[in-house]
**Student:** 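Handing you a structure now.
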Protein chains: 2
Amino acid sequence: MRTLVKNIDGFLRDQGIKASYQRIRILDYLQNSYEHPSVSTIYQDLHPHIPSLSRATVYNTLNLFLEKKLVAVINTEGVEARYDIADPNHGHFQCLVCDTIFDIPTEQSRTFPAALDGFQVTSSQWHFKGVCPKCLEAKKQQ
Amino acid sequence: MRTLVKNIDGFLRDQGIKASYQRIRILDYLQNSYEHPSVSTIYQDLHPHIPSLSRATVYNTLNLFLEKKLVAVINTEGVEARYDIADPNHGHFQCLVCDTIFDIPTEQSRTFPAALDGFQVTSSQWHFKGVCPKCLEAKKQQ
DNA sequence: ATTCTTGCAAATCATTTGCACTTTA
DNA sequence: TAAAGTGCAAATGATTTGCAAGAAT
């Protein structure tokens, strides 16, 4: 995706997902978030606006979206899983200082290593770790 | 690495790590394991031979090895972390059926995407998921 | 003797589950 | 109204922590 869906309600229905209020709000949140949020983040941001929302629902919804391939989990350094609107054409850089995850476009559609002959590859992730420019700068100031 | 260290005792000392019996056995285990073991696996395999061994020690030791960059965590589908003798020159394929993790040599030393200019990259991982040849074959038999 | 490591049990934290209640189609 | 989704609280499971006992230099 990353092309914003305007009619989330209809979009979910097309995916064979019942369009509950919570699901619509969570997908909407994911669409407008560039922060690769964790469950806690989603819950904290949405809970004030949807007081009845429970963590379990956020987990349920994300697991459903995962199954339907609307979102992807990013394998991270750290305990909590982070989620991303599904899009195979980018990698991720995780800053070990501020924990921000950046999208990294990987220009050429990369060809898989020859060693993968005979494997059925359903997804691939390129993941980088290190220090982001902002934190590098901050470190220099000290 | 992946070039086996014969003198683990001295090797650990060179890294500034006190060579306790448990640490030696755990590093030895990792060196001779091609299964990208989890903490449970390591514990289960080693405990019969070292009855006093505790899970906490396995965690402690792995965290120490991580700090010293002797091992790397593989970000996986699934709950438990999986460990690997540190070696930046390969990626991983995780079979979603049997949960085996395969080393995938990535021939060319890949150049990083241009989008990473200004970032300090300390590690990169290329991670694939799907179905391994053996499980594909098994599926066909049905 | 001092310092570091171990092992146990308890604590913590992310995620899942069971079940009664509510919403959606 | 039937079927599916939600919310709560309790359960689970991985990992961490505090601390007393043990090992290494």
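Keep in mind that what you see is a predicted model, and the values were worked out from it rather than measured. Just so it is clear: chains get the letters A, B, ... in the order the sequence lines come, proteins before strands, and each one is counted from 1.
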**Student:** Please report how far the helix from C/dA1-D/dT25 to C/dA25-D/dT1 bends, comparing the axis fitted to its first five pairs with the axis fitted to its last five, to the nearest 10 degrees.
**Tutor:**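 Rounded to the nearest 10 degrees, the bend comes out at 30°.
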**Student:** State whether the side chain of A/His36 and the backbone N or O of A/Arg82 hold a donor-acceptor pair below 3.5 Å, judged by distance alone.
**Tutor:**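 Checked: no pair found.
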**Student:** Going by the rule side-chain hydrogen bond (donor to acceptor under 3.5 Å, both in side chains), which residues pair with A/Arg55 if we only count those two or more places apart in sequence or in a different chain?
**Tutor:**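 side-chain hydrogen bond (donor to acceptor under 3.5 Å, both in side chains) list for A/Arg55, sorted by chain: empty.
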**Student:** Do B/Tyr29 and B/Leu46 touch side chain to side chain, with heavy atoms closer than 4.5 Å?
**Tutor:**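 In short, these two side chains touch, coming nearer than 4.5 Å.
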**Student:** Give the rounded distance in Å between these two atoms: CG of B/Leu62 and C1' of C/dT5.
**Tutor:**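 Value for this atom pair: 15 Å.
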**Student:** Where each residue is assigned the nucleotide of DNA chain C containing its nearest heavy atom, which of B/Tyr43 and B/Ile17 is assigned the position nearer the 5′ end?
**Tutor:**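 Per heavy-atom nearest nucleotide, the more 5' residue is B/Ile17.
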**Student:** Calculate the interatomic distance between A/Leu53 atom CG and D/dA9 atom P; express it in whole Å.
**Tutor:**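 About 15 Å, once rounded to whole Å.
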**Student:** When you check every protein heavy atom under 4.0 Å of nucleotides 13-22 of chain D, what one-letter string (B, S, -) results, 5' to 3'?
**Tutor:** -SBBB-----
**Student:** Check the pair B/Glu80, B/Ser40 against side chain to side chain donor-acceptor pair (under 3.5 Å), reporting the backbone distance first and the verdict last.
**Tutor:** CA-CA 9 Å; B/Glu80 272 187 298; B/Ser40 320; 2.2 Å; yes
**Student:** Each residue besides A/Leu96 in its hydrophobic cluster should be listed here, by chain and number; the cluster joins Ile, Leu, Val, Met, Phe, Trp and Tyr at side-chain heavy-atom distances under 4.5 Å.
**Tutor:**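 Members besides A/Leu96: none; it forms no cluster.
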**Student:** Whole angstrom is fine here: how far is it from CD in A/Gln15 over to C1' in D/dA4?
**Tutor:**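 After rounding, the reported distance stands at 18 Å.
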**Student:** Is the phosphate of D/dC8, meaning OP1 or OP2, less than 4.0 Å from a side-chain N or O of A/Ser54?
**Tutor:**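 False: A/Ser54 side-chain N/O out of range (4.0 Å or more) of D/dC8 OP1/OP2.
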**Student:** Taking C-beta and beyond as the side chain, do B/Phe128 and B/Phe102 meet within less than 4.5 Å on heavy atoms?
**Tutor:**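 SC-SC contact between B/Phe128 and B/Phe102 ruled out.
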**Student:** To the nearest angstrom, how far is B/Leu46 atom CG from C/dT6 atom C1'?
**Tutor:**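 Value for this atom pair: 14 Å.
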**Student:** Specify the separation, in whole Å, of atom CD of B/Glu67 and atom P of C/dT5.
**Tutor:**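 In whole Å, C/dT5 P and B/Glu67 CD are 11 Å from each other.
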**Student:** What ring-ring contact (aromatic ring centres under 6.0 Å, His included) pairs are there with at least one residue in residues 42-75 of chain B, not counting sequence neighbours?
**Tutor:**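 Residue pairs passing ring-ring contact (aromatic ring centres under 6.0 Å, His included), neighbours aside: B/Tyr43-B/His47.
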**Student:** Provide, to the nearest angstrom, the distance between the CG atom belonging to B/Leu12 and the P atom belonging to C/dC4.
**Tutor:**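 Between P of C/dC4 and CG of B/Leu12: 17 Å.
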**Student:** Are any side-chain N or O atoms of B/Gln125 and backbone N or O atoms of B/His92, one a donor and one an acceptor, separated by less than 3.5 Å?
**Tutor:**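 No: the side chain of B/Gln125 does not pair with the backbone of B/His92.
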**Student:** List the protein contact pattern of nucleotides 20-25 of chain C with one symbol per nucleotide (5' to 3'): B for base contact, S for sugar-phosphate-only contact, - for none; contact means a heavy-atom distance under 4.0 Å.
**Tutor:** -----S
**Student:** Roughly, in whole Å, what's the span from CZ in B/Arg23 to P in C/dC4?
**Tutor:**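 So the CZ-P distance, B/Arg23 to C/dC4, works out to 11 Å.
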**Student:** Can B/Leu64 and B/Asn60 be said to form a side chain to side chain contact (heavy atoms under 4.5 Å, CB included), step by step?
**Tutor:** CA-CA 6 Å; B/Leu64 177 68; B/Asn60 285 340; over 6 Å; no
**Student:** Out of A/Thr100, A/Thr76, A/Asp99, which one pairs with A/Gln94 under the side-chain hydrogen bond (donor to acceptor under 3.5 Å, both in side chains) rule?
**Tutor:**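 Answer after filtering A/Thr100, A/Thr76, A/Asp99: A/Asp99.
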**Student:** Apply side chain to side chain contact (heavy atoms under 4.5 Å, CB included) to the pair A/Leu70 and A/Leu12, showing each step before the final yes or no.
**Tutor:** CA-CA 10 Å; A/Leu70 303 187; A/Leu12 285 177; 4.1 Å; yes
